[in-house]
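Proteins come first, then strands; the chains are lettered A, B, ... in the order of their sequence lines, and each starts at number 1.
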Amino acid sequence: MNIPMLLEMAAGAADDREAVRCGDESLTYAELHDRASALAGRLVADGVENVALLALNSVDVPVLQFAAAAAGVPFVPLNYRLTDAQLDAALERLGSGLLVTDDGAGRELSLPAGIVAVPSAEVRAWSTDPAAPRRDGVDVPGDAVALKLFTSGTTGAPKTALIRHRHLSSYIVATVEFLGCGPEESILVSVPNYHIAGVTSVLSSTYSGRRMVQLPTFDPARWVAVAREQEVTHAMVVPTMLNRILDELERLPGGLPHLRSLSYGGGRMPVAVLERALAALPGTSFVNAYGLTETSSTIAVLGPEDHRAALASSDPDVRARLGSVGRPLDTVEIEVRDALGQPVPVGDSGEIFVRGDQIAGEYASHSALVDGWYPTRDRGHLDADGYLFLEGRADDVIVRGGENISPGEIEDVLLEHESVAEVAVVGVPDTEWGERVEAMVVASDGHVVDEAALQEWVRRRLRSTRVPSRVLAAAALPYNETGKLLRREVKQSLRQEVVGA
Amino acid sequence: MKPGTRLHSTVSEASVVVVRPGTTDVLTCGGQPMATEPSGGATAADATDGEQLVIGKRYVDEESGVEVLCVKGGAGPLAVAGRVLTVKSAKQLPASD
């Protein structure tokens with residue numbers, strides 16, 4: 001199976017349906033298919049080896065994504081928030097190919113010899129050339145690399161993740177009902193195109209026949225305005241976006257009457273934000289999805305029924321599921337293993353391993369698969385009914401005097417304190433303990449950070465080894481653009497505090 | 001058959017893509033073995049009143065483990081060793097992306 005097959009099917013069965021809209025521009029499935037086929041013909045004729053993209057979302061982005069797939073070459077969307085030097089390093093690693101850029105990007109890149117930069121307007125002209133030879137790409141092998149993503153690297157040096165046609169098409173065919181959406185259904189896409197969820201959103205929208213409504217970049221006021229004006233029925237957000245959307249909805253009453261489903265993921269969702277969202281959007285179903293770049297997006301889902309049951313339950317175990325990422329998809333297997341690689345009993349913490357047709361687990365340098373299983377480097381546990389709870393990255397575990405401490409557990413307790421709006425708990429090098437626990441806290445409105453009170457708060461709820469030896473107040477915490485906490489930076493600033501003291 | 005192999009009916013417009021090859025080598029459509037190339041024209045059996053294959057549906061045979069995805073609709077039915085393949089009922093997943 002391959003990606004061109006997904007578009008061919010949609011274009012064949014729903015050719016005059018609107019596929020994508022950005023502002024005043026839109027394309028039908030037939031137009032999307034035709035442009036992608038024309039552009040693919042050009043890419044093949046020019047011998048292009050990679051199709052890199054450095055641009056905001058537009059109707060040209062799905063054209064480019066499907067054109068690269070039909071040409072059988074990798075699509076390489078780049079993070080436009082990186083510095084020029086970081087982008088140069090990424091392009092150096094890519095080696096050769098086409099770099100499609102927004103006209104006004106204002107970059108000063110020293111492109112490696114093999115990279116040819118082309119403005120997106122010119123690429124659009126290629127894709128709309130009626131004389132261009134067409135290439136539909138239905139014969140592209142499933143083993144061909146469809147996607148190269150430079151992973152965010154919140155814990156270390158970025159890596160080039162490779163995802164093949166068979167991984168992405170397996171994921172779509174197994175999880176999406178073909179043309180399962182009615183012509184009135186649409187999804188508001190505001191995640192960046194270089195995020196795995198941005199890539200899979202194009203594929204699942206196409207296969208389900210659901211219209212994509214794009215925002216060039218996320219802005220809460222625009223998001224609410226477009227959701228209302230376009231009567232969008234579905235949307236996907238990361239936790240930081242949701243909080244800002246809720247602020248906007250409070251400012252501009254009227255709700256989102258057409259929004260049937262809101263999915264969230266890509267970072268830890270504070271239960272308080274979720275409860276606020278459930279109250280503000282009573283007619284909307286909520287879906288929490290967990291997945292990674294290396295797993296072709298979603299591998300576990302907490303669905304609308306799970307949300308309702310958890311909210312309505314007085315059983316603390318069921319109630320707690322509001323903080324879980326739900327159950328694994330039918331088509332993947334999830335195991336929680338200990339440090340020796342053995343599965344742990346239900347309820348025990350360990351590293352999450354996953355296996356299935358959609359799991360790539362591969363980098364340009366090596367495959368990370370172990371007997372077909374991908375070690376996610378995420379820590380978590382399963383409850384008796386198979387619900388998965390995340391506890392943070394394995395690399396973030398604090399080892400204090402030989403004891404493994406999960407920062408997420410301490411953060412959850414601190415977040416329950418009324419004075420805490422945001423918190424990061426990290427391990428800081430310590431001569432006596434190896435590492436000691438420290439916390440950085442952003443105070444909630446009208447409160448101040450009281451170190452002794454918060455230490456006592458943790459001591460009364462968790463073991464004494466979990467009590468942060470320092471609690472520092474901060475104006476803000478560092479996050480990446482999808483809302484992931486950058487612990488490395490928190491650690492660095494806590495270390496500098498010591499040096500400066 | 002390998003995953004991703006595209007097979008065309010010789011009796012109708014239908015075509016499928018192999019999702020899981022299972023243990024079988026021969027898949028039939030409307031009683032005739034399917035071909036790796038489109039047949040390119042109507043055949044005597046074109047008017048078959050066999051079950052219509054529906055684009056986007058997955059068809060399975062539990063005994064051999066074969067699973068295919070219909071990528072173009074047309075007259076069927078699909079069969080392995082005389083056993084007619086059934087539509088795989090996919091559990092409806094909430095949209096996550």
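Taking the side chain as every heavy atom from C-beta outward, B/Leu69 and A/Met5 approach each other to under 4.5 Å. Annotation: side chain of A/Glu177 is not in contact with side chain of B/Leu93 (no heavy-atom distance under 4.5 Å). With contacts defined as side-chain heavy-atom distances shorter than 4.5 Å, the pair A/Ser263/B/Pro94 does not qualify. Contact check for A/Asp357 versus B/Arg20: side-chain heavy atoms found under the 4.5 Å cut-off.
When heavy atoms are compared at a cutoff of 4.5 Å, A/Leu6 does not approach chain B at all. Using a 4.5 Å cut-off between heavy atoms, A/Met236 touches chain B through its side chain atoms alone. In this structure, no portion of B/Lys2 lies under 4.5 Å from any heavy atom of chain A. No part of A/Leu179 comes within reach of chain B, as not one of its non-hydrogen atoms sits under 4.5 angstrom from that chain. Neither the backbone nor the side chain of A/Tyr290 comes within contact range of chain B; no heavy atom of the residue lies under 4.5 Å from a heavy atom of that chain. For A/Asn2, no part sits under 4.5 Å from any heavy atom of chain B, backbone or side chain. For a residue to count as touching a neighbouring chain, one of its non-hydrogen atoms must lie under 4.5 Å from one of that chain's; by this rule A/Glu8 touches chain B with the side chain only. The contact between A/Val173 and chain B is made by backbone and side chain atoms together, counting heavy-atom distances below 4.5 Å. With a 4.5 angstrom heavy-atom cutoff, B/Val71 touches chain A via backbone and side-chain atoms both. Proximity to chain B involves both the backbone and the side chain of A/Thr200, based on heavy atoms less than 4.5 angstrom apart. With a threshold of 4.5 angstrom between heavy atoms, A/Met9 approaches chain B through its backbone and through its side chain.
For B/Asp97 against A/Arg210, the heavy-atom pair with the smallest separation is O-NH2, 3.3 Å. What you find for A/Ser261 and B/Ala95 is that their closest heavy atoms are OG-O, 4.3 Å.
No more than 12 heavy atoms of other residues, nucleotides or ligands shown are found within 6.0 angstrom of CD on B/Glu62.
For the set A/Ser201, A/Ser169, A/Gly142, A/Ser208, the entry with the most heavy-atom pairs within less than 4.5 Å of chain B is A/Ser201.
Scored by the ring-ring contact (aromatic ring centres under 6.0 Å, His included) test, A/Tyr207 finds A/Phe178 as partners (sequence neighbours excluded). Take A/Arg166 and apply the salt bridge (Lys or Arg N to Asp or Glu O under 4.0 Å) test, not counting sequence neighbours, and it matches A/Asp143.
Here the straight-line distance linking atom OG of B/Ser96 with atom CG of A/Leu329 works out to 7.5 Å at 0.5 Å rounding.
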